[in-house]
2 protein chains.
Amino acid sequence: MKRKTAAEKPHEHLIKDAKKLVLEYPKVPLTVDCAIFGFEENKLKVLVIKSDLEYYKGHYSLLGDIVKDNEELDDAAYRVLKERTGMNDVFLDQVRAFSHPDRHPGGRVITVAYCSLLNINHHQLKIHDNDLNWHSVSTLKDMAFDHKEIVDECYSWLQKRIQEHPLGFNLLPEKFSLRELQNLYEAILAVSLDRRNFRKKFASMDLLIDINEMEQDVPHRPGKLYKFNFEKYEKSKRKWIGIDF
Amino acid sequence: MKRKTAAEKPHEHLIKDAKKLVLEYPKVPLTVDCAIFGFEENKLKVLVIKSDLEYYKGHYSLLGDIVKDNEELDDAAYRVLKERTGMNDVFLDQVRAFSHPDRHPGGRVITVAYCSLLNINHHQLKIHDNDLNWHSVSTLKDMAFDHKEIVDECYSWLQKRIQEHPLGFNLLPEKFSLRELQNLYEAILAVSLDRRNFRKKFASMDLLIDINEMEQDVPHRPGKLYKFNFEKYEKSKRKWIGIDF
DNA sequence: TAATAATGTGTACCTTTTACATAGTAGGAT
DNA sequence: ATCCTACTATGTAAAAGGTACACATTATTA
């Protein structure tokens, strides 16, 4: 049989043993890190914990952990969330992977960042663990690893995401006033919005349920309380066509 | 000295040796896979290659490779693109990681998906390599690994992205007619758009440069040719506030 | 009871989107 | 040459949505 060049017959040698192939692959340690945002005192906060590492003594880091053998990334992130906050009914979204070779002082570790939002008052933190606490996003600095970069990126992700999806309601009590809702948007987007137009916008979406209750214990005229109509939202997710850049 | 519980004094034992810590971490094989889109004959295409694996004999897969020791994910993706298409001046965006434990028949391999767009006519493919070719996105099926899922996700990413960023121009010739631009948007978004409103939209953005040339060799009245004004776009990137879901 | 600090609604204006109409021009068939 | 075809190119009116305002109302508290 006449020899063919590799260019002509590239399929000659298919790899039979996939297991053997994968065993020869280089391997890297992989972690997940969770940027868990909350809202309190009209400020956006993020859950941080003191670093375990002497190298980063006194610096805060995000909640994270190693990805276990055969564990999905999503599952690893949910596990971290559950272990630290007791929550397991919270949404969690992958933002992106961070892979700078020097991002970890112990050698190469790649991490996948996740973002989550939760209502601070709904969750008792296990605060005995390494000074776990809510830290204002705007005053964060000197974080361990590249966690400041991760927080910044997750925050940008959140700013964009909250405008297109009803994420914000995860940060608020079940019943909330329009003022609380607006405060949330203003804090996250770092803008000030016209109160009347903001209300009109949400009114026109028709996704808030007026529950005929009023705010209690506010030092001024109380506002109406609303719930978000998740059911209606799920039924009528819009597909969005609008070229604009 | 009185003993304290772990809850009271959690910082007692900081980890001194970060290197040792990382050495104990479980490790996983990591790859990048690139969904590289092109546009031809009014169809959105994606670059695929026949799988090396006997297990997936005859099935197409995306272009991908192992991430090397100390290589950034972005660099690995650019390397794949360069090796396969000869291009190194193309943008490439991370979409997300895929980590299902059974996604690779050889055992656990996590992959990070990247998305890129390029002009089919600008790049000579090294088509001797395993039947590398452009495949219509709409008729793709039976891909190796979870690559169909990756393509689907990258396609969704692209649909959203192209509405907010001027990505589409990477798929077109440098000089293009408005009809070509509209065909591109219609193909990617899978909608039909009103021609007059489409033109008005781009006219109002004022980012197309009329180069005073006409189409050649079209079997009908030729249209004007334009270039995209990347320079102006870079100067005037808008920050977008518009709650809507 | 008056000042304060909110809530709750309305309106006029402007911009953008949508739906649709008409005129013009190159190529090809006859 | 003339007409048909298949586009380009532009315009316009109505609807929808966003912006910038003003004013009356209602709890609280000083």
Side-chain angles (χ1 to χ4, degrees), chain A residues 41-42 160 162-164 166 172-173 175-187 189-227 236 238-245, chain B residues 41-42 162-164 166 172-173 175-187 189-228 236 238-245:
Chain A
E41 297 162 345
N42 284 344
K160 181 161 172 48
I162 202 175
Q163 296 187 62
E164 300 173 10
L172 291 174
K175 304 169 182 183
F176 52 85
S177 66
L178 283 169
R179 160 64 47 188
E180 289 175 289
L181 185 62
Q182 185 176 342
N183 285 341
L184 173 70
Y185 273 89
E186 290 185 333
L189 298 178
V191 293
S192 70
L193 302 166
D194 183 275
R195 186 169 50 88
R196 293 154 287 191
N197 294 336
F198 182 85
R199 299 164 92 89
K200 215 183 323 177
K201 181 69 202 172
F202 273 92
S204 79
M205 286 191 224
D206 200 27
L207 289 169
L208 299 184
I209 302 168
D210 181 343
I211 54 172
N212 284 310
E213 290 181 46
M214 305 297 272
E215 285 179 300
Q216 304 287 331
D217 305 317
V218 284
H220 54 74
R221 174 179 175 184
K224 285 187 180 180
L225 294 177
Y226 297 85
K227 287 185 184 179
S236 63
R238 79 207 211 90
K239 56 161 192 163
W240 192 56
I241 302 278
I243 299 159
D244 218 353
F245 44 83
Chain B
E41 297 162 345
N42 284 344
I162 201 176
Q163 297 187 60
E164 301 172 9
L172 292 174
K175 304 170 182 181
F176 52 87
S177 67
L178 282 170
R179 160 62 51 188
E180 288 174 290
L181 185 61
Q182 185 175 342
N183 285 342
L184 173 69
Y185 273 90
E186 290 184 334
L189 299 177
V191 293
S192 71
L193 301 167
D194 183 274
R195 187 167 44 86
R196 295 153 287 191
N197 294 335
F198 183 85
R199 298 164 93 87
K200 217 183 323 178
K201 181 71 201 171
F202 273 91
S204 78
M205 286 191 224
D206 200 27
L207 289 169
L208 299 184
I209 302 168
D210 181 343
I211 55 172
N212 284 310
E213 290 182 47
M214 307 297 271
E215 286 179 299
Q216 304 288 332
D217 305 316
V218 285
H220 53 75
R221 174 180 174 183
K224 286 187 180 179
L225 295 177
Y226 298 85
K227 287 185 185 179
F228 183 72
S236 63
R238 78 207 210 90
K239 56 162 193 162
W240 192 55
I241 301 277
I243 300 162
D244 218 353
F245 44 82

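Since we're looking at a predicted model, the values are computed, not measured. By convention in this document, chain letters (A, B, ...) are assigned in the order of the sequence lines, proteins followed by strands, and residues within each chain are numbered from 1.
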Just so I know, are the side chains of [X] and [Y] near enough to count as touching, which here means a heavy-atom distance under 4.5 Å?
X: A/Phe198; Y: B/Ile243; answer: yes
X: A/Leu178; Y: A/Tyr226; answer: yes
X: B/Leu184; Y: B/Asn42; answer: no
X: B/Phe245; Y: A/Met205; answer: yes
X: B/Ser177; Y: B/Met214; answer: no

Check your understanding: With distance as the sole test, does A/Gln163 use its side chain to make a donor-acceptor pair with the main-chain N or O of B/Asp244 at under 3.5 Å?
Key -> no
Check your understanding: Looking only at atom types and distance, does a side-chain atom of B/Tyr185 sit under 3.5 Å from a main-chain N or O of B/Ile162, one as donor and one as acceptor?
Key -> yes
Exercise for review: Sort and list the pairs that fulfil salt bridge (Lys or Arg N to Asp or Glu O under 4.0 Å) and have at least one residue in residues 214-224 of chain A, not counting sequence neighbours.
Suggested key: A/Asp210-A/Lys224
Atom [atom1] of [X] and atom [atom2] of [N]: how far apart are they, to the nearest Å?
X: A/Phe202; N: C/dT9; atom1: CZ; atom2: P; answer: 16 Å
X: B/Asp210; N: D/dA9; atom1: CG; atom2: C1'; answer: 12 Å
X: A/Asn183; N: C/dT7; atom1: CG; atom2: C1'; answer: 13 Å
X: A/Leu193; N: D/dC21; atom1: CG; atom2: P; answer: 15 Å
X: B/Glu180; N: D/dA9; atom1: CD; atom2: P; answer: 12 Å
X: B/Glu215; N: D/dT8; atom1: CD; atom2: C1'; answer: 9 Å

Check your understanding: Taking OP1 and OP2 of C/dG8, is either one under 4.0 Å from a side-chain nitrogen or oxygen of A/Arg199?
Key -> yes
Review point. Using 4.0 Å as the upper bound for N to carboxylate O, is an ion pair formed by B/Glu164 and A/Lys160?
Key: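 Salt bridge between A/Lys160 and B/Glu164, a charged N being under 4.0 Å from a carboxylate O: yes.
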Point to revise | Footprint string (nucleotides 10-22 of chain C, 5' to 3'): B base within contact, S backbone only, - free, heavy atoms under 4.0 Å | key: BB-----SBBBB-
Check your understanding: What one-letter contact string describes nucleotides 24-30 of chain C from 5' to 3', where B marks a base within less than 4.0 Å of any protein heavy atom, S marks contact via sugar-phosphate atoms alone, and - marks no contact?
Key -> BBB----
Review point. Hey, which of these two, A/Asp217 or B/Arg179, hits DNA chain D nearer its 5' end, going by closest nucleotide?
Key: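 Here B/Arg179 is the residue nearer the 5' end.
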